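A short write-up of the structure that comes next.
Chain identifiers are assigned alphabetically (A, B, ...) following the order of the sequence lines, protein sequences preceding nucleic acid strands; residue numbering begins at 1 within each chain. All values derive from a computational prediction rather than experimental measurement.
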There are 2 protein chains.
Amino acid sequence: MHFGEMGSRWGFNRTVGQIFALLVAVDEPLTANDIGDALSISRGNVSMGLKELQSWRLVQVQHKPGDRKDYYHTTGSIWDLANKVFEERRKREMDPTLTLLRDILLETPANSREQDLQGRLREIHDLLEGIMKWTSELQQLSPEKLNTLMKLGSGVGKVLDFKDRLLNKKSD
Amino acid sequence: MHFGEMGSRWGFNRTVGQIFALLVAVDEPLTANDIGDALSISRGNVSMGLKELQSWRLVQVQHKPGDRKDYYHTTGSIWDLANKVFEERRKREMDPTLTLLRDILLETPANSREQDLQGRLREIHDLLEGIMKWTSELQQLSPEKLNTLMKLGSGVGKVLDFKDRLLNKKSD
DNA sequence: TTAAACTTTCAGAAATTTCTGAAAGAAATG
DNA sequence: CATTTCTTTCAGAAATTTCTGAAAGTTTAA
């Protein structure tokens with residue numbers, strides 16, 4: 001109950017959030033009708049919601065032998081789910097922005113004003129692209145490594161300093 | 001022009017996005033009227049938009065001597081701006097979720113089903129809290145360090161391994 | 001084939017968000 | 001204090017998003 005209410009903050013609408021929350025909460029495959037009944041949502045709306053959740057790769061269809069209903073359930077560990085949400089959001093929010101910026105940067109500036117502007121847009125572009133690359137690389141890392149990295153927190157700075165010192169020594 | 005269209009993907013509405021884009025694009029202080037004229041937006045709407053941007057701490061008011069209009073302009077480097085957007089979004093999206101989760105975790109589970117559920121919610125809570133802490137610590141890091149960290153990408157894994165090996169040797 | 005048991009689609013209704021413009025506020029000036 | 005020049009607020013209009021439920025589609029089985 002509580003949980004569903006926060007749906008809208010996470011990039012999908014309330015119903016979708018509620019459906020997802022329900023599936024996480026009961027942690028067992030449900031039919032579309034079960035979901036609609038549990039949440040008092042129309043059958044059509046459930047269908048849309050599940051479609052959306054499938055496009056986020058957060059929910060999968062499952063079949064029970066001798067039963068022709070579709071059963072839906074969440075997929076993977078909490079860690080996997082979080083990863084998918086972040087990844088999809090990155091795709092949906094940053095990719096179009098990057099494409100747009102790239103297009104603008106390809107245009108030939110008509111005057112020095114436009115050239116200035118391109119300069120500033122390039123900064124933004126490079127920053128976003130850097131973040132994109134970095135985050136997607138981090139997602140390749142094993143959960144354990146990510147965990148130590150996270151525990152390290154800003155202490156990461158010290159490790160980097162240390163590494164730099166070693167490298168400098170080598171190049172002396 | 002182009003730029004404003006992507007406004008809605010970033011946590012604020014189209015108008016707010018356009019206003020912000022305009023201010024970044026011209027990179028000089030504008031009055032509310034300038035903005036309204038440039039974007040064909042009603043005066044009231046401009047006022048709302050600027051209020052919102054101020055609440056994101058992306059835009060500041062400035063005064064010119066002998067002129068009683070309010071001039072608005074963006075604040076800080078691209079890096080600062082990006083930082084602020086991320087920070088505000090973290091606040092707006094994750095904080096309420098965390099509070100909610102914490103409240104649920106404080107309730108006493110009525111039966112073993114609820115206890116299971118709490119277990120799963122605790123996982124989510126801990127994960128989110130970890131991410132929150134980590135990202136806010138990363139933001140404390142200097143841009144240069146963050147930059148090397150980002151360039152390192154998944155290579156961070158190797159640095160961590162390296163650090164672990166050193167520590168283990170010490171404790172041998 | 002036909003029927004039964006499902007799922008999906010989609011037009012329009014309902015809810016929500018955003019925008020406008022007129023009215024009210026605020027601050028500076030004569 | 002009256003006026004001018006600006007800003008903010010807010011009720012209702014407009015636009016957009018979400019939801020419903022009936023109709024169409026799909027699959028399996030007899």
Looking at every non-hydrogen atom in both residues, tell me the closest pair between B:Ala32 and B:Leu50 and how far apart they are. CB-CD1, 4.3 Å

Nearest 0.5 Å, what's the CG-CG distance between B:Leu141 and B:Leu146? 5.0 Å

Any side-chain N or O of A:Asn13 less than 4.0 Å from the OP1 or OP2 oxygen of D:dC19? yes

For a quick check under 3.5 Å, do A:Asn45 and A:Ser42 share a side-chain donor-acceptor pair by atom type? no

What's the CD-P distance between A:Glu52 and D:dC19, to the nearest Å? 11 Å

Per atom distances to the A:Asn33 side chain, the nearest of C:dT7, D:dT20, C:dT20 is C:dT7

Does a side-chain N or O of A:Thr15 approach OP1 or OP2 of D:dC19 to a distance below 4.0 Å, or not? yes

Could you tell me whether the phosphate oxygens of C:dT29, OP1 or OP2, come under 4.0 Å of any side-chain nitrogen or oxygen in B:Arg68? no

Classify the nucleic acid contact of A:Tyr72 as base, sugar-phosphate or nothing, counting any heavy atom under 4.0 Å across all strands shown. sugar-phosphate

State which of C:dT20, C:dT7, D:dC19 makes the closest approach to the side chain of B:Met48. C:dT20

What is the separation between atom CG on A:Asp67 and atom P on D:dT27, rounded to the nearest whole Å? 17 Å

Rounded to whole Å, the CG-C1' distance (A:Asn45 to C:dA14) equals 12 Å

Below 4.0 Å: OP1/OP2 of D:dC6 and any side-chain N or O of B:Thr31: no

Counting just side-chain N and O atoms, does B:Lys51 come under 4.0 Å of either OP1 or OP2 of D:dT7? no

One thing to verify: whether B:Glu88 and B:Lys91 come together as a salt bridge, which I'm taking to mean a side-chain N less than 4.0 angstrom from a carboxylate O. yes

B:Arg43 CZ - D:dC10 P separation (whole Å): 16 Å

Could you give the CG-to-P distance, from A:Leu30 to C:dT7, as a whole number of Å? 12 Å

Please state how far atom NZ in A:Lys64 lies from atom P in C:dC6, giving the value in whole angstrom units. 13 Å

Side-chain N or O of B:Arg14 versus OP1/OP2 of C:dT18: is the shortest distance under 4.0 Å? no

More than 12 heavy atoms of other groups within 6.0 Å of A:Arg102 CZ: yes

Could you tell me how far apart A:Phe12 (CZ) and D:dT17 (P) are, to the nearest whole angstrom? 18 Å

Integer-rounded Å distance: C:dT20 P and B:Leu39 CG: 11 Å

Taking the side chain of B:Ser42 as heavy atoms from C-beta outward, which of C:dT20, D:dT20, D:dT7 is closest to it? C:dT20

Closest to side chain of A:Ile41, choosing from D:dT20, D:dT9, C:dT8: D:dT20

Closest-nucleotide ordering on DNA chain C, the 5'-leading residue of B:Ser40 and A:Lys69: A:Lys69

